[in-house]
*Asks:* 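So that we are looking at the same thing, I have put the structure below in structure tokens.
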Amino acid sequence: MTDADSSPSLASRLGHSLVRSQQFGLVMVLLLLGVALTLAAGSHPDPRTGETVNNFLNRYTLIQMATDASAFAIMGVGATLVIIAGGIDLSVGAIYALAGVTMAMVLRAAGAMDPAMTVLLGLGTCLAVSLVCGLANGLMVIGLGVHPFIITLGTMWILRGIAFVISRAESILIPAALTSVAKAPLGLGTALYPVPLLCMLLVTVAGGIYLSRTVWGRHIFAVGGNAEASRFSGLNVRRITLGVFVVSGLAAGFAAFLGAAFYGSATSSDANGYELYVIASAVVGGASLSGGKGSALSAMLGALLIVMMRQAIRTLHLDQNYEWIIIGTALIVAVVLDQRGWKRLAEKLAAPK
């Protein structure tokens with residue numbers, strides 16, 4: 001027997017790497033939960049086509065779930081960069097609210113415009129507001145020397161308060177030109193709106209490439225793994241820290257643009273509590289709160305898992321009052337299984353025969 005015969009093939013090594021990956025465990029959990037929901041959900045006649053469809057496994061429910069997950073996933077990709085660098089950003093929900101409200105007020109003040117100009121002005125406003133918020137977070141973290149948890153906890157309340165004051169707690173309508181872009185059917189039918197799903201995938205791919213294929217991405221992992229060693233090796237830790245908070249802010253601003261455009265209005269209470277969903281998405285996706293570990297794809301899968309658990313409560317007609325208890329318990333179980341059970345299973349499956 002030659003060395004080539006005894007050594008694992010490339011396909012085998014790739015298979016073992018796939019099984020060991022964090023994403024494999026998340027995909028398996030999503031598939032198992034999806035199969036269980038499909039079996040338990042029952043069916044109903046589709047009023048559009050008259051065909052009998054499963055209450056869970058149908059394209060309308062699946063795209064609606066992806067739409068619901070898009071905000072969590074887009075913000076989760078940005079927040080994952082902060083977590084990988086060893087920080088945390090509790091202000092993403094407030095940035096979302098402030099950016100959305102500001103965009104709505106600017107568009108209302110601008111009046112009727114060309115549809116393309118409406119989209120550009122709305123997107124530019126959201127990104128400008130979120131850029132300032134992210135810069136403020138980053139500058140205070142590196143300038144004041146206070147833990148990001150405290151800084152972003154404070155800015156969470158400040159930004160939410162500013163959104164409340166400038167909007168007077170009113171719900172401000174978004175121009176129809178912007179809503180029609182966010183709800184463009186793209187040939188899938190009038191009841192399907194895939195734009196948020198596509199934006200989620202694009203942001204995830206961009207985040208994944210940035211983290212895994214660029215020098216700047218590897219520097220973020222280095223800072224999160226050991227900031228002191230990174231500083232001695234010549235990395236500009238302060239600039240990297242500032243950069244991840246800016247990216248996190250911009251991700252929240254883009255999610256606000258998409259969300260406000262899709263739902264047709266913005267209010268200061270938008271995205272209330274989203275910071276917990278976003279952090280949970282990143283952590284369930286495998287990001288380590290101690291830094292140095294995480295990925296954009298895992299953050300998206302974590303967001304999908306959370307939304308699927310919420311959908312399970314609706315599909316099975318469970319009492320909505322138990323939603324937080326069920327989701328919280330399921331999150332803990334998922335993290336424990338992911339860190340212990342899946343790891344042992346992966347090692348067992350990947351072991352050479």
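Here the structure is a predicted model, which is why all the values come from computation and not from measurement.
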*Asks:* In sequence, state the C-alpha distance, the side-chain angles, and the governing distance for V195 and V181, and then conclude on side-chain contact (heavy atoms from CB on, under 4.5 Å).
*Replies:* CA-CA 8 Å; V195 172; V181 172; 5.8 Å; no
*Asks:* Tell me whether K293 forms a cation-pi arrangement with F221, defined as NZ or CZ under 6.0 Å from the six-membered ring centre and within 45 degrees of its axis.
*Replies:*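 No - K293 does not lie over the ring of F221 by the 6.0 Å and 45° rule.
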*Asks:* Search all heavy atoms of L258 against all heavy atoms of C199 and return the closest pair with its distance.
*Replies:* CD2-CB, 3.7 Å
*Asks:* Just by modelled atom types, is the A99 backbone N or O under 3.5 Å from a matching donor or acceptor in the T102 side chain?
*Replies:* no
*Asks:* Taking a hydrophobic cluster as the set of Ile, Leu, Val, Met, Phe, Trp and Tyr residues connected by side-chain heavy atoms closer than 4.5 Å, whether directly or through intermediates, do L197 and I306 fall within one such cluster?
*Replies:* yes
*Asks:* Do N137 and T152 get their side chains close enough for a donor-acceptor pair, meaning under 3.5 Å?
*Replies:* no
*Asks:* If hydrophobic clusters are built by linking Ile, Leu, Val, Met, Phe, Trp and Tyr wherever their side-chain heavy atoms come under 4.5 Å apart, do L235 and Y210 end up in the same one?
*Replies:*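 Yes; tracing contacts between hydrophobic side chains, which count when under 4.5 Å, links both residues.
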*Asks:* If we check side-chain contact (heavy atoms from CB on, under 4.5 Å) with V27, which of these qualifies: L32, L304, L297, L301?
*Replies:*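 That would be L301; it is the only one of L32, L304, L297, L301 passing the side-chain contact (heavy atoms from CB on, under 4.5 Å) with V27.
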*Asks:* Which value, rounded to the nearest 0.5 Å, describes the distance between M75 atom CE and S70 atom OG?
*Replies:*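 So the CE of M75 and the OG of S70 are separated by 9.0 Å.
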*Asks:* When rounded to the nearest 0.5 angstrom, what distance separates CD1 in I74 from CG in L201?
*Replies:*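 Between atom CD1 of I74 and atom CG of L201 there are 9.5 Å.
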*Asks:* When rounded to the nearest 0.5 angstrom, what distance separates OG in S268 from CZ in R160?
*Replies:* 7.5 Å
*Asks:* Could you tell me which non-hydrogen atom of M65 sits nearest to which non-hydrogen atom of Q311, and how far apart they are?
*Replies:*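 Taking every non-hydrogen atom into account, SD-CG, 3.7 Å.
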*Asks:* Is there a path of hydrophobic side-chain contacts, each under 4.5 Å between heavy atoms of I, L, V, M, F, W or Y residues, that connects L198 with I209?
*Replies:*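 No, no single cluster joins them.
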*Asks:* Quick one: closest heavy-atom pair of I220 and L81, and the distance?
*Replies:*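 Of all heavy-atom pairs spanning I220 and L81, the closest is CG2-O, 3.7 Å.
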*Asks:* I want to check something: taking the side chain as every heavy atom from C-beta on, are L107 and M113 in contact at a cut-off of under 4.5 Å?
*Replies:*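 SC-SC contact between L107 and M113 confirmed.
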*Asks:* Taking the six-membered ring for Trp, are Y193 and F262 parallel (under 30°), tilted (30 to 60°) or perpendicular (over 60°)?
*Replies:*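 Perpendicular: the ring planes of Y193 and F262 meet at over 60°.
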*Asks:* For T315 and N55, which I'm curious about, is there any donor-acceptor pair between the side chains at under 3.5 Å?
*Replies:*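 On atom types as modelled, these side chains do not qualify, holding no pair under 3.5 Å.
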*Asks:* Verify side-chain contact (heavy atoms from CB on, under 4.5 Å) between S248 and V92, making sure each step is shown before the conclusion.
*Replies:* CA-CA 7 Å; S248 179; V92 288; 3.5 Å; yes
*Asks:* Is there a path of hydrophobic side-chain contacts, each under 4.5 Å between heavy atoms of I, L, V, M, F, W or Y residues, that connects V101 with M156?
*Replies:* no
*Asks:* For the residue pair I172 and R108, establish whether any side-chain heavy-atom pair is separated by less than 4.5 Å.
*Replies:*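 When only atoms from C-beta onward are counted, R108 and I172 do touch, with a gap below 4.5 Å.
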*Asks:* Once rounded to the nearest 0.5 Å, what's the spacing between atom CZ of R231 and atom CD1 of I240?
*Replies:*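 The CZ atom of R231 sits 10.0 Å away from the CD1 atom of I240.
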*Asks:* Where do T38 and G34 come nearest, in terms of heavy atoms and distance?
*Replies:*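 Closest approach of T38 to G34, heavy atoms only: OG1-O, 2.7 Å.
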*Asks:* So, T267 and D270: side-chain donor and acceptor under 3.5 Å apart, yes or no?
*Replies:*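 The answer is no; no qualifying pair exists.
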*Asks:* For F56, is the NZ or CZ atom of R314 found under 6.0 angstrom from the centre of its six-membered ring and inside 45 degrees of the ring axis?
*Replies:*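 That pair does not qualify as a cation-pi contact.
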*Asks:* Do T155 side-chain atoms and S91 backbone N/O form a donor-acceptor pair below 3.5 Å?
*Replies:* no
*Asks:* If you take all heavy atoms of I142 and L242, which pair is closest and at what distance?
*Replies:* CD1-CB, 4.3 Å
*Asks:* Around Y263, counting heavy atoms of other residues, nucleotides and ligands shown, do more than 12 lie under 6.0 Å from its OH?
*Replies:*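 Atom OH in Y263 is crowded, with more than 12 foreign heavy atoms closer than 6.0 Å.
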*Asks:* Looking only at heavy atoms, what is the nearest atom pair of G87 and P148, with distance?
*Replies:* CA-CG, 4.1 Å
*Asks:* Can you tell me how far apart CD1 (I174) and OG (S265) are? Round to the nearest 0.5 Å.
*Replies:* 7.0 Å
*Asks:* Quick one: are T67 and M200 in side-chain contact, heavy atoms under 4.5 Å?
*Replies:* no
*Asks:* Name the orientation class of the two ring planes belonging to F72 and Y274 (parallel below 30°, tilted from 30 to 60°, perpendicular beyond 60°).
*Replies:* perpendicular
*Asks:* After noting the C-alpha distance and the side-chain angles of L57 and L62, does the key distance pass the side-chain contact (heavy atoms from CB on, under 4.5 Å) rule?
*Replies:* CA-CA 7 Å; L57 191 60; L62 296 179; 4.1 Å; yes
*Asks:* For L90 and I279: C-alpha separation, side-chain torsions, deciding distance, then whether side-chain contact (heavy atoms from CB on, under 4.5 Å) applies.
*Replies:* CA-CA 8 Å; L90 297 177; I279 293 171; 3.4 Å; yes
*Asks:* Are any side-chain N or O atoms of S298 and backbone N or O atoms of S295, one a donor and one an acceptor, separated by less than 3.5 Å?
*Replies:*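 The answer is no, because no donor-acceptor pair under 3.5 Å joins these two groups.
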*Asks:* Donor-acceptor pair, T179 side chain versus A261 backbone, under 3.5 Å?
*Replies:* yes
*Asks:* Starting from V132, can I reach M105 by hopping between I/L/V/M/F/W/Y residues whose side chains sit under 4.5 Å apart?
*Replies:* no
*Asks:* Is it true that atom CE of M117 has more than 12 heavy atoms of other residues, nucleotides or ligands lying nearer than 6.0 Å?
*Replies:*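 Check fails, neighbour count at 12 or below.
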*Asks:* Just so I know, are the side chains of V278 and E275 near enough to count as touching, which here means a heavy-atom distance under 4.5 Å?
*Replies:*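 V278 does not reach E275 side chain to side chain.
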*Asks:* How far does CD1 of I158 sit from CG of L98, to the nearest 0.5 angstrom?
*Replies:* 11.5 Å
